[in-house]
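Source: prediction; values computed, not measured. Naming convention: chains lettered A, B, ... in sequence-line order (proteins, then strands); numbering from 1 in each chain.
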Amino acid sequence: MNVRETRLIVISPASHITPDQLTRTIHAMGKNVTVKESCYGAVIEGEKEVVREVISEVRKLDVNGIFSKVRAFRVADPRRCRAHHGTRPGFAQLEQEWEDLWKIHRGLDRTDKGEKASVRTERKKLSVEGFKRICEVK
Amino acid sequence: MKIFIDPPNSLILYDLVERFGHEPLSTMAAIQEKIDRTEIDMPPMNVSLEDVMKGLKYAGIEVPSGVRGRLAVWGPMIEDAEAAIIMEDCPYSFGCVGCHRTNLMVRYLIKRKGIPVLDVNYPNDEDEGKDIVAKIKEFLEGLK
């Protein structure tokens with residue numbers, strides 16, 4: 001039995017790729033997948049192997065700027081699709097992570113150049129005096 | 001290797017784990033199974049009797065149903081996991097006592113399992129983004 005896979009392809013805000021370019025590129029591949037353009041990138045669905053092929057191919061547009069994760073619900077599932085007034089309980093999280101994807105994008109670029117994790121000092125608790133300085137307007 | 005990610009539906013962690021050649025264990029895959037096989041009306045809001053029983057394995061009957069419901073999905077994933085990555089201070093990962101207790105319980109279950117764990121903080125700037133990527137890369141390459 002062929003297992004279906006639905007995936008979100010999310011473009012980093014720092015990438016030069018647009019959702020339109022992404023969707024057109026996937027269409028041009030001629031693979032047997034459903035593609036839906038969205039504000040953050042695209043949603044694709046098809047057989048697992050084909051979807052994986054498409055993802056690895058489409059990543060070549062911007063290796064460090066295109067991200068993806070699987071989605072449980074099918075493309076245009078009436079329980080999730082906005083056209084059917086579906087709910088999007090996970091969208092707040094996706095939106096937040098999309099906003100911060102440029103940090104990971106730049107992080108991947110810098111790691112590719114050989115940069116390592118810096119040793120950071122632990123964050124300390126705010127002292128009472130420090131808290132008073134913030135609160136009290138003098 | 002199978003890597004449990006926390007938050008279990010994080011795009012950042014899912015992508016990075018896959019990018020560095022491992023299999024992320026995510027909520028999405030677990031929910032997909034319920035959609036495709038059992039055809040539950042509105043997973044994860046609606047659950048089956050089997051889910052309730054699974055949840056009881058990780059938390060007692062007196063624990064709020066929200067905690068047990070979440071653990072019914074995440075508990076078996078933690079059991080399958082060979083390593084875990086936990087991202088702390090996520091701006092979207094907060095909520096009522098039920099959500100918070102579940103997060104604590106998940107961390108406890110991971111620690112109790114004794115698998116390799118990497119703790120990272122949600123990135124607040126570019127340098128922290130680089131740190132997260134470098135730490136995850138190093139951790140995952142070390143597992144091979």
Engineer: Is it the case that atom CE in B:M53 sees more than 12 heavy atoms from other parts of the structure closer than 6.0 Å?
Structural biologist: no
Engineer: Has A:K31 got more than 12 heavy atoms of other residues, nucleotides or ligands less than 6.0 Å from its NZ?
Structural biologist: no
Engineer: What's the separation between atom CG in B:D131 and atom NZ in A:K103, rounded to the nearest 0.5 Å?
Structural biologist: 13.0 Å
Engineer: Between A:E115 and B:K135, is there a side-chain N and carboxylate O pair less than 4.0 Å apart?
Structural biologist: no
Engineer: For B:Y108, does the OH atom have more than 12 heavy-atom neighbours from other residues, nucleotides or ligands under 6.0 Å away?
Structural biologist: no
Engineer: When rounded to the nearest 0.5 angstrom, what distance separates OH in B:Y14 from NZ in A:K69?
Structural biologist: 9.5 Å
Engineer: Please look at A:L101 and chain B and tell me whether the side chain, the backbone, both or neither of the residue comes under 4.5 angstrom of a heavy atom of that chain.
Structural biologist: side chain
Engineer: Okay, side chain of B:K130, backbone of A:K116: is any donor-acceptor separation there less than 3.5 Å?
Structural biologist: yes
Engineer: Do B:I78 and B:V117 share a hydrophobic cluster (ILVMFWY, side-chain heavy atoms under 4.5 Å, transitive)?
Structural biologist: yes
Engineer: Would a hydrophobic clustering, with Ile, Leu, Val, Met, Phe, Trp and Tyr connected at side-chain separations under 4.5 Å, put A:V75 with A:L22?
Structural biologist: no
Engineer: Between B:Y92 and A:E95, is the side-chain contact (heavy atoms from CB on, under 4.5 Å) condition met? List the steps.
Structural biologist: CA-CA 10 Å; B:Y92 48 79; A:E95 194 178 26; over 6 Å; no
Engineer: Identify which of B:D125, B:N121, B:I132 forms the greatest number of heavy-atom pairs closer than 4.5 Å to chain A.
Structural biologist: B:D125
Engineer: Taking all atoms of both residues into account, what is the closest heavy-atom pair of A:V70 and B:A29, and its distance?
Structural biologist: CG2-N, 4.4 Å
Engineer: About how many Å separate CE of B:M87 and CD of A:E97, when rounded to the nearest 0.5 Å?
Structural biologist: 5.0 Å
Engineer: Do A:S118 and B:D127 make a side-chain contact, defined as non-hydrogen atoms from C-beta onward lying under 4.5 Å apart?
Structural biologist: no
Engineer: Under a 4.5 Å heavy-atom cut-off, does chain A meet the side chain of B:P91, its backbone, both or neither?
Structural biologist: side chain
Engineer: Looking at every heavy atom in both A:T111 and B:K137, which two are closest together, and how far apart are they?
Structural biologist: CG2-CD, 3.8 Å
Engineer: List for me each residue that meets side chain to side chain donor-acceptor pair (under 3.5 Å) alongside A:D112, sequence neighbours excluded, and say none if there are none.
Structural biologist: A:N64
Engineer: Identify which part of A:I55 has an atom lying under 4.5 Å from any heavy atom of chain B, answering side chain, backbone, both or neither.
Structural biologist: neither
Engineer: Show the numbers, then the answer: is there a side-chain contact (heavy atoms from CB on, under 4.5 Å) between A:R110 and B:E126?
Structural biologist: CA-CA 10 Å; A:R110 288 169 67 176; B:E126 191 183 318; 3.2 Å; yes
Engineer: In this structure, would B:V17 and B:V120 fall into the same cluster of hydrophobic residues linked by side-chain contacts under 4.5 Å?
Structural biologist: yes
Engineer: Which bit of B:E138 is near chain A, if near means a heavy-atom gap under 4.5 Å: side chain, backbone, both or neither?
Structural biologist: neither
Engineer: Where is the tightest heavy-atom contact between B:I35 and A:A72, given as atom of each residue plus distance?
Structural biologist: CD1-O, 3.5 Å
Engineer: Do you reckon A:V63 sits in the same ILVMFWY cluster as A:I66, going by side-chain contacts under 4.5 Å, direct or chained?
Structural biologist: no
Engineer: Go through the steps for A:L8 and B:L11 under the test side-chain contact (heavy atoms from CB on, under 4.5 Å), then give the verdict.
Structural biologist: CA-CA 9 Å; A:L8 305 176; B:L11 164 70; 5.9 Å; no
Engineer: If you measure from SG on B:C90 to CD on A:Q96, what distance do you get to the nearest 0.5 Å?
Structural biologist: 9.5 Å
Engineer: Counting only heavy atoms not in A:D20, do more than 12 fall under 6.0 Å of its CG?
Structural biologist: yes
Engineer: Should we say atom CZ of B:R19 is surrounded by more than 12 heavy atoms from elsewhere, each under 6.0 Å from it?
Structural biologist: yes
Engineer: Should A:V33 and A:F73 be counted in the same cluster of Ile, Leu, Val, Met, Phe, Trp and Tyr side chains packed under 4.5 Å apart?
Structural biologist: no
Engineer: Say you draw a straight line from CD of B:E18 to OG of A:S68; how long is it, rounded to the nearest 0.5 Å?
Structural biologist: 5.5 Å
Engineer: Side chain, backbone, both or neither: which part of A:V10 has an atom under 4.5 Å from a heavy atom of chain B?
Structural biologist: side chain
Engineer: Considering non-hydrogen atoms only, spot the tightest contact between B:A134 and A:A117 and give its length.
Structural biologist: CB-N, 3.5 Å
Engineer: Identify which part of B:S10 has an atom lying under 4.5 Å from any heavy atom of chain A, answering side chain, backbone, both or neither.
Structural biologist: both
Engineer: CZ of A:F67 to CD1 of B:I12: how many Å apart, nearest 0.5 Å?
Structural biologist: 8.0 Å
